[in-house]
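Here's the structure we're looking at; comments come further down.
These values consider heavy atoms only, across backbone and side chains, with no hydrogens, waters or symmetry-generated copies.
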Amino acid sequence: MPRWLPRAMLLALALIACFQLGSWAFHQLTGLLINILIAFFLALAIEPAVSWMAGYGIRRGLATALVFFAVMIASAGFVTLLGSMLAGQIIDIVEDFPKYVDSVISWINTTFHTELSRVDIQDSLLRSDWLRRYVQNSAGGVLDVSAQVVGGLFQLLTITLFSFYFAADGPRLRRALCSVLPPARQAEVLRAWEIAVNKTGGYIYSRGLMALISCIAHYILLESLGVDYAPVLAVWVGLVSQFIPTIGTYLAGALPMLIAFTVNPWYALWVMVFVVIYQQFENYVLQPKLTARTVDVHPAVAFGSVIAGTALLGAVGALVAIPAVATLQAFLGAYVRRYDVTDDPRVHGHRRRGSGALLARIRGLGRGSGRTQPVVDGEAEEEAAGRAVRDSS
């Protein structure tokens with residue numbers, strides 16, 4: 001046996017063990033890494049406001065605390081108003097539910113010539129097996145829901161603490177990062193950091209502007225229909241549809257439809273139609289223009305980045321995909337050498353004048369000589385026309 005073989009086997013086993021250990025640790029820390037990514041994104045989003053207050057002599061820690069306090073006050077006020085509205089509407093729905101059931105049963109009996117009654121339907125539901133199983137499963141899932149709520153609160157606290165430290169100690173963090181890099185690399189890192197702050201702020205600005213437009217549009221609709229709590233519902237639609245990826249649109253539209261149903265069932269249909277039409281307008285007209293101007297990303301690239309981010313990190317990836325791609329694009333644009341484009345009509349999608357006649361002459365000469373000429377198109381035709389012009393001159 002060669003002397004190097006045992007050492008090679010030990011080295012291979014050690015590498016495999018290190019890889020397995022690293023893979024296990026990465027999977028165990030995936031949740032923490034995602035929380036840190038969200039916290040870093042939030043720190044970049046509030047960095048302009050913190051830097052602005054720090055420019056007036058306020059310490060960064062106090063400035064960060066003031067920004068977080070303002071965000072928490074606004075969020076708590078919105079949640080309180082939304083909770084009181086939902087509580088009142090749920091009470092109204094429960095009180096008026098028998099009337100809705102009677103109206104639906106009356107419509108079914110009139111339309112289909114049946115003889116249904118609310119009492120018979122209630123008795124059949126109460127004696128059904130699926131209702132009993134549903135109650136048992138719901139009772140067993142209360143503990144799971146409570147555990148999820150506690151876990152969500154702990155995750156929110158973790159994200160808040162990390163984002164606070166990232167924002168408050170931003171200069172110290174940048175200094176520590178640059179201290180291990182040579183001067184040339186330090187300038188590149190600081191430039192990338194500045195670009196990330198600008199692009200993330202632009203993304204938040206565009207989302208906030210679209211949320212404001214959505215609030216105004218839905219407030220006009222709900223107020224014209226006479227739906228209660230129209231301002232709160234409009235704010236709900238604007239915020240949820242813009243800052244919750246993928247399912248935000250459906251969550252945003254479901255609550256106004258439910259509240260409108262308590263006023264008039266036809267109003268719920270109108271709200272649904274308006275939400276669908278407005279989302280098409282936002283997706284194809286409003287969002288591409290605002291996103292392209294604020295974060296300087298082509299709409300197709302923005303759409304593809306959201307899909308890729310969702311596939312990699314889920315909702316978090318969809319949220320940070322556009323500012324990440326905008327930052328990478330702006331950073332690479334500073335180092336990619338670009339050249340002036342030649343003044344050629346083909347750049348604008350136009351064909352040269354006279355190319356058709358020259359090609360006809362070339363093909364005619366080919367047929368007259370008795371030789372078979374290959375059929376060319378596109379750029380090959382243009383090259384053939386150019387050679388003919390040079391030969392004739």
Side-chain angles (χ1 to χ4, degrees), residues 25-56 58-83 144-177 193-194 196-208 211 232 235-236 238-248 251-252 309-310 312-324 327:
F26 177 78
H27 285 88
Q28 294 296 322
L29 298 176
T30 300
L32 178 61
L33 295 177
I34 292 177
N35 291 338
I36 293 176
L37 179 62
I38 299 174
F40 185 72
F41 172 76
L42 294 178
L44 292 178
I46 66 174
E47 176 69 22
V50 175
S51 300
W52 178 77
M53 286 190 289
Y56 285 93
I58 303 176
R59 293 186 295 110
R60 288 189 65 90
L62 180 59
T64 306
L66 291 176
V67 173
F68 272 94
F69 183 74
V71 173
M72 290 174 60
I73 290 297
S75 302
F78 174 71
V79 171
T80 302
L81 291 176
L82 186 63
D144 296 337
V145 173
S146 302
Q148 291 178 2
V149 170
V150 173
L153 292 176
F154 180 77
Q155 184 179 7
L156 179 62
L157 179 61
T158 303
I159 294 173
T160 303
L161 289 177
F162 273 110
S163 59
F164 179 84
Y165 289 136
F166 285 152
D169 293 338
R172 186 183 304 174
L173 180 61
R174 288 190 288 269
R175 194 180 301 111
L177 182 61
W193 196 294
E194 183 180 2
V197 171
N198 294 332
K199 294 303 180 180
T200 304
Y203 175 72
I204 296 297
Y205 166 77
S206 64
R207 288 292 175 178
V232 181
V235 173
W236 163 267
L239 294 179
V240 173
S241 62
Q242 300 303 324
F243 291 100
I244 296 182
T246 309
I247 63 173
L251 292 177
T310 304
L312 293 175
L313 296 176
V316 178
L319 188 63
V320 303
I322 294 179
T327 301

### Message
Can you confirm whether more than 12 heavy atoms, excluding those of Tyr165, are under 6.0 Å from its OH atom?
### Response
no

### Query
Taking only residues two or more places apart in sequence, or in another chain, which ones meet Phe40 in a side-chain contact (heavy atoms from CB on, under 4.5 Å)?
Leu44, Phe166, Trp193

### Message
Applying side-chain contact (heavy atoms from CB on, under 4.5 Å), can you list everything that pairs with Ala168, at least two apart in sequence or on another chain?
### Response
Thr64, Phe164

### Minimal non-hydrogen separation, Ala49 against Val67, with atom names
CB-CG2, 4.2 Å

### Query
In Å and rounded to the nearest 0.5 Å, what is the CG to CG distance from Leu42 to Leu37?
9.5 Å

### Task
Sequence neighbours left out, what pairs pass side chain to side chain donor-acceptor pair (under 3.5 Å) with at least one residue falling in residues 150-164?
Asn35-Gln155

### Task
Find the distance between CZ (Phe154) and CD1 (Ile159) and round it off to the nearest 0.5 Å.
11.0 Å

### Summary
In short, salt bridge (Lys or Arg N to Asp or Glu O under 4.0 Å) pairs touching residues 154-170 with sequence neighbours left out are none

### Query
Taking atom CG of Leu66 and atom CG of Leu62, what is their separation to the nearest 0.5 Å?
4.5 Å

### Message
Looking at every heavy atom in both Ala211 and Gly238, which two are closest together, and how far apart are they?
### Response
CB-O, 3.5 Å

### Query
Which pairs count as side chain to side chain donor-acceptor pair (under 3.5 Å) when at least one residue sits in residues 66-75, sequence neighbours excluded?
none

### Summary
Across all chains, not counting sequence neighbours, the ring-ring contact (aromatic ring centres under 6.0 Å, His included) partners of Phe26 are none

### Task
Scan for salt bridge (Lys or Arg N to Asp or Glu O under 4.0 Å) pairs involving residues 28-52, sequence neighbours excluded, and state none if there are none.
Glu47-Arg60

